[in-house]
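Here you go, one structure.
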There are 2 protein chains.
Amino acid sequence: MKSSEICPRFEAAISLLGQRWTGLIIHQLMDEPKRFGQLTEEIGISGRLLSERLKNLENDGLVERTVYPETPVRIEYSLTEKGASLQPVMKEIERWSQNWIEPAKTAESPS
Amino acid sequence: MKSSEICPRFEAAISLLGQRWTGLIIHQLMDEPKRFGQLTEEIGISGRLLSERLKNLENDGLVERTVYPETPVRIEYSLTEKGASLQPVMKEIERWSQNWIEPAKTAESPS
DNA sequence: CCCAACTACTTACTATTTGTAACCTATTTT
DNA sequence: AAAATAGGTTACAAATAGTAAGTAGTTGGG
């Protein structure tokens with residue numbers, strides 16, 4: 001019952017990243033801003049959840065929604081400075097996955 | 001619908017860490033092996049879910065369950081090499097949270 | 001020996017979150 | 001005008017998480 005012992009900031013960070021899709025969305029926005037449809041296709045998430053997640057990420061200040069009033073209107077989602085600063089985290093997860101996740105199998109250990 | 005474009009290893013890693021409690025459990029086991037009751041208290045997770053998560057983590061080869069046949073029996077959970085190799089990831093999340101999460105508020109930016 | 005307490009879970013049930021599919025509005029192409 | 005595309009929202013079923021109580025194997029006391 002005591003959720004002490006753990007740094008509340010770390011807990012907050014984990015409750016952000018430890019939510020389904022969130023990490024993937026941030027990862028996909030790392031290189032360049034993307035549009036709603038592009039994200040659903042690349043990630044394989046439903047519109048309902050993508051919409052929900054993007055709203056949360058906006059509220060947390062990680063993602064920014066920009067409307068370009070061209071014709072037709074174009075809407076892009078990009079990372080804020082706070083969001084972009086997760087790059088080292090993403091890089092480390094990538095590195096770990098390269099070393100410890102077998103591509104096809106569900107195996108345990110690298111060469 | 002196409003979940004291509006994303007490295008399947010990265011996806012696998014994210015689906016591990018992007019699950020509620022998993023990151024916190026790994027983090028708590030980083031320093032030293034712990035017992036079931038200790039984890040529930042520190043993390044604030046229910047027995048049901050802790051049990052489930054630990055089983056999954058065992059299956060994924062991240063956590064090891066050791067039974068010490070003392071009297072009374074003592075059961076400890078520890079990280080395997082694969083689990084321990086997530087330390088850089090945890091460290092980066094910690095670093096990020098120190099820089100970008102305000103302790104009391106839900107604020108946006110560091111000093 | 002019997003009863004309470006402790007650890008490590010499991011089971012039953014409820015609440016919340018996800019996933020699926022259909023729908024909506026505005027614009028644009030055929 | 002009809003169909004298509006972008007960017008969503010809504011309604012509902014299915015899966016997952018949370019809560020509380022129960023179980024099994026000790027241990028310690030009366």
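Bear in mind that the values here come from a model prediction, so they are computed numbers and not experimental data. Naming: A, B, ... by sequence-line order, numbering from 1 per chain.
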Next on the checklist: What contact category does B/Gly47 fall into here, base, sugar-phosphate, or nothing, at under 4.0 angstrom with non-hydrogen atoms?
Outcome noted: base
Checklist entry - Which part of the nucleic acid, if any, lies within contact of B/Arg48, taking any heavy atom under 4.0 Å across all strands shown: a base, the sugar-phosphate backbone alone, or nothing? => result base
Item to check | Integer-rounded Å distance: D/dA17 P and B/Leu54 CG | outcome: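 In whole Å, D/dA17 P and B/Leu54 CG are 14 Å from each other.
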Checklist entry - Salt-bridged, A/Lys91 to A/Glu94, with N to O below 4.0 Å? => result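 Salt bridge between A/Lys91 and A/Glu94, a charged N being under 4.0 Å from a carboxylate O: yes.
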Item to check | A/Ile6 side chain reached by A/Ile14 side chain, heavy atoms, under 4.5 Å | outcome: no
Checklist entry - In whole Å, what is the span from the CG atom of B/Leu24 to the P atom of D/dA17? => result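 These atoms are roughly 14 Å apart.
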Checklist entry - Which pair of heavy atoms, one from A/Gly23 and one from A/Met90, lies closest together, and at what distance? => result O-CE, 3.7 Å
Next on the checklist: Starting the side chain at C-beta, find the nucleotide from D/dT19, C/dC9, D/dA17 nearest to B/Arg53.
Outcome noted: D/dA17
Item to check | Closest to side chain of B/Arg35, choosing from D/dT19, D/dT10, C/dA8 | outcome: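 It is C/dA8.
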Checklist entry - Under 4.0 Å between a side-chain N/O of B/Ser51 and OP1 or OP2 of C/dA8, yes or no? => result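 False: B/Ser51 side-chain N/O out of range (4.0 Å or more) of C/dA8 OP1/OP2.
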Checklist entry - When you check the phosphate oxygens OP1 and OP2 of D/dG7, does a side-chain N or O of A/Lys55 lie under 4.0 Å from one of them? => result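 So the side-chain polar atoms of A/Lys55 never come under 4.0 Å of the phosphate oxygens OP1 or OP2 of D/dG7.
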Checklist entry - Please give, in whole Å, the distance from D/dG8 C1' to A/Leu39 CG? => result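 In whole Å, D/dG8 C1' and A/Leu39 CG are 13 Å from each other.
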Checklist entry - Is it the case that more than 12 heavy atoms not belonging to A/Arg95 sit under 6.0 Å from its CZ atom? => result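 Count not over threshold, so no.
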Checklist entry - In terms of side-chain heavy atoms of A/Arg20, which of D/dT27, C/dT18, C/dT10 is nearest? => result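 Output: C/dT18.
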Checklist entry - How close or far is atom P of D/dT26 from atom CZ of B/Arg74, stated in whole angstroms? => result 16 Å
Next on the checklist: Rounding to an integer number of Å, can you tell me how far A/Phe36 CZ sits from D/dT5 C1'?
Outcome noted: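 Atom-to-atom, A/Phe36 to D/dT5, this comes out as 14 Å.
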Checklist entry - Rounded to whole angstroms, how far apart are CG on B/Leu49 and P on C/dC9? => result 15 Å
Checklist entry - A/Trp21 or A/Thr71: which one's nearest nucleotide on DNA chain C is closer to the 5' end? => result A/Trp21
Checklist entry - Between atom CG of A/Leu39 and atom CZ of A/Arg53, what is the distance when rounded to the nearest 0.5 Å? => result 13.5 Å
Item to check | Atom-pair distance (CD on B/Glu52; C1' on C/dT10), nearest Å | outcome: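 Checked: the CD to C1' distance equals 12 Å.
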Checklist entry - If you check every side-chain atom of B/Tyr77, which of C/dG19, D/dT9, C/dC9 has the closest atom? => result C/dC9
Checklist entry - Could you give the CD-to-P distance, from B/Gln19 to D/dG18, as a whole number of Å? => result 11 Å
Item to check | A/Pro72 side chain, from C-beta outward: closest of C/dT27, D/dT19, D/dG18 | outcome: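 In terms of side-chain proximity for A/Pro72, the closest of C/dT27, D/dT19, D/dG18 is C/dT27.
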